[in-house]
Amino acid sequence: GGGQGHNDLVVVTLGTGVGGGIIINGKMLTVEGSVCITLIYCDKDGNLCSYEYLYPFSKEYELKGDADKANVCCRIKNEYLNCRAVTSRKVGIHGAASIHIKVFCRKSHEIVSDYDDCNIELKRGMAQATVPMGYAEKYLVIEEDLPIGSGQPAIRNIIRCDAVSCVKETRIVNNKAVVKGELSVCIIYCPENAKTPQSVKSVLPFSQIIDVEGLHDSCEIETKSEVAFFDIKPRISASGEAKSFALTAKVLLCTEAFCGDDIPVIRGSALKALEKDHDFLTAGGVFPVELINLWIANRRKDLGRHISMLTP
């Protein structure tokens, strides 16, 4: 690219994000995003410089079934990255990023919980179940002006910047999810007329309301966040100096809601307990063991026939 030629390569980083979004059309799923390659190097005068290259991508996947009503989560991970200096003005970079896609939806299962027949012995009970109530995603756009410290020199160029989002609290208010969190930003830049890098750190709080279908006050709720897009540039003031940064970030908030419930289930038949322990019937020779085993075998056949009629 343009700018100063380099003498020594310092570091190359690969940033990924699903900035374009996810498109579902029947069984076809399209993921659109970008890869940002940041090159940090020393120029001929020993100054730290940086160069960014944005590489957009679009990938299509064929799903096993129709996913128009499904929820989709997509994460992109940097697998490896290496580089070499070709000339003083060209760098060869090779890397790979993996795309992890999760497609899910709510599904109902029928459970046999009881059967009214005096000829069948059933062992009934209650089982704890976690019922997914809803899932929702929302993008939050954050735009801020970040000034440098009062004693820090003006900005010449940005060397590196990072942003990490964190959810501090998620509450249910009026059947809606209220999410509070923070965006932590760290910037390293080269100042004017100086070679020593400077750093700026800032924490930006955010709050957002998310509509989740089926959410009510007795639900349990969890929200995760990640930075889907992040851009920062020096802002030139009226005096001609860059004394602040213009920040634009897009944070993805993913909220899941669950409810706990106790459902009646058939844990088994009374025949299992009788088969395991029938000493009280054989004590004193009241019932012979052969007769008990024969009775259990016949009743087990009847029980299996009735249960098979109930199970789809």
Check whether any side-chain heavy atom of [X] lies under 4.5 Å from a side-chain heavy atom of [Y], and answer yes or no.
X      : Y      : value
Glu222 : Lys224 : yes
Thr248 : Ile142 : no
Leu253 : Gln208 : yes
Phe245 : Pro147 : no
Ile99  : Tyr61  : yes
Glu32  : Ser58  : yes
Glu137 : Leu252 : yes
Leu140 : Lys138 : no

[atom1]/[X]: more than 12 non-hydrogen atoms of other groups inside 6.0 Å:
X      : atom1 : answer
Glu213 : CD    : no
Leu54  : CG    : yes
Asn174 : CG    : no
Glu220 : CD    : no

Q) Can you check side chain to side chain contact (heavy atoms under 4.5 Å, CB included) on Gln152 and Tyr189, steps first, answer last? A) CA-CA 11 Å; Gln152 290 184 299; Tyr189 73 94; 3.5 Å; yes
If I take atom [atom1] from residue [X] and atom [atom2] from residue [Y], how far apart are they, to the nearest 0.5 angstrom?
X      : Y      : atom1 : atom2 : answer
Cys259 : Met133 : SG    : CE    : 4.5 Å
Lys180 : Ser207 : NZ    : OG    : 5.5 Å
Glu226 : Ser165 : CD    : OG    : 7.5 Å
Arg160 : Ile187 : CZ    : CD1   : 13.0 Å
Ile188 : Ser199 : CD1   : OG    : 6.5 Å
Leu63  : Ile24  : CG    : CD1   : 7.0 Å

Q: Without swapping roles, check the side chain of Lys168 against the backbone of Val179 for a donor-acceptor pair under 3.5 Å.
A: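 Side chain of Lys168 to backbone of Val179, a donor-acceptor pair under 3.5 Å: no, none is there.
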(Q) Keeping Thr223 on the side-chain end and Thr170 on the backbone end, is there a donor-acceptor pair under 3.5 Å? (A)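 Looks like no, no N/O pair under 3.5 Å.
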Q) Which heavy atom in Val212 sits nearest to a heavy atom in Ala257, and how many Å separate them? A)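 Result for this residue pair: CG1-CB, 4.3 Å.
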Q.
To check you understand the geometry: which heavy-atom pair defines the closest contact between His94 and Tyr80, and what is its length?
A.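 It is O-CE1, 4.0 Å.
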(Q) So that I can tick it off, tell me whether Glu169 and Arg171 are bridged by a salt bridge, with the cut-off set at under 4.0 angstrom between side-chain N and carboxylate O. (A)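 The answer is yes: the pair qualifies as a salt bridge.
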Same apolar cluster: [X] and [Y], side chain cutoff 4.5 Å:
X      : Y      : result
Tyr51  : Val91  : yes
Tyr55  : Ile93  : yes
Ile148 : Leu204 : yes
Trp295 : Ile292 : yes
Phe57  : Ile101 : yes

Q: Might you work through the side chain to side chain contact (heavy atoms under 4.5 Å, CB included) test for Asn157 and Ser50, ending with a clear yes or no?
A: CA-CA 8 Å; Asn157 64 283; Ser50 65; 4.3 Å; yes
Q: Step by step, work out the side chain to side chain contact (heavy atoms under 4.5 Å, CB included) result for Leu183 and Val164.
A: CA-CA 6 Å; Leu183 180 68; Val164 178; over 6 Å; no
Q. Does a side chain donor of either Asp145 or Ser244 reach within less than 3.5 Å of an acceptor in the other side chain?
A.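 Yes - a donor-acceptor pair under 3.5 Å links their side chains.
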Q. Is it true that Phe229 and Tyr139 have ring centroids separated by less than 6.0 Å?
A.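 Between Tyr139 and Phe229, which both carry aromatic rings, the centre distance is not below 6.0 Å.
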